[in-house]
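Keep in mind that this is a model prediction, so the values were computed, not measured.
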Amino acid sequence: MKATPKTPLMSVGHEAEWAVINREEEEQERAIDMALTPAQRVEQGQKLSQQAVELLAASIRAGHAPARAYWS
């Protein structure tokens, strides 16, 4: 078992650990994506697109993006 670091993982100096974590997550996502059928990929893409639109709308409502951004 690995010893717990004395500093939080989010602090400076843990870049190598984050590189390993990110690589593992990317490998997992790639494996999941490869297992999807074409119909499931379309469904996943539609969900992601809807999330993007919702995020943009929330940003506009919060005043962090101009209203015209919704139509660009």
J.: Run the side-chain hydrogen bond (donor to acceptor under 3.5 Å, both in side chains) test against Gln44 and tell me which residues pass, sequence neighbours left out.
T.: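 Here no residue qualifies.
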J.: Could you tell me whether a side-chain N or O of Glu17 sits under 3.5 Å from a main-chain N or O of Glu15, the two making a donor and an acceptor?
T.: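 Absent.
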J.: With sequence neighbours excluded, what pairs up with Pro66 under the side-chain contact (heavy atoms from CB on, under 4.5 Å) test?
T.: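 By the side-chain contact (heavy atoms from CB on, under 4.5 Å) rule, Pro66 matches Arg68, Ala69.
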J.: How far does CD of Glu27 sit from CG of Asn22, to the nearest 0.5 angstrom?
T.: 11.0 Å
J.: Not counting sequence neighbours, which residues clear side-chain contact (heavy atoms from CB on, under 4.5 Å) with Val20? List them please.
T.: Arg23, Glu24
J.: In terms of hydrophobic clustering (I, L, V, M, F, W, Y; side-chain heavy atoms under 4.5 Å; direct or indirect links), are Ile60 and Val53 co-clustered?
T.: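 Yes, because Ile60 and Val53 connect within a single hydrophobic cluster, where side-chain heavy atoms sit under 4.5 Å apart.
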J.: List the residues meeting side-chain contact (heavy atoms from CB on, under 4.5 Å) with Gln51, not counting sequence neighbours, and say none if there are none.
T.: Leu48
J.: Please list all pairs passing the salt bridge (Lys or Arg N to Asp or Glu O under 4.0 Å) test where one or both residues lie in residues 28-54, with sequence neighbours left out.
T.: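 For residues 28-54, and leaving out neighbouring residues, the salt bridge (Lys or Arg N to Asp or Glu O under 4.0 Å) pairs sorted by first residue read Glu43-Lys47.
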J.: Using the side-chain contact (heavy atoms from CB on, under 4.5 Å) criterion, which residues pair with Ser49? Sequence neighbours excluded.
T.: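 Per chain and number, Ser49 pairs via side-chain contact (heavy atoms from CB on, under 4.5 Å) with no residue.
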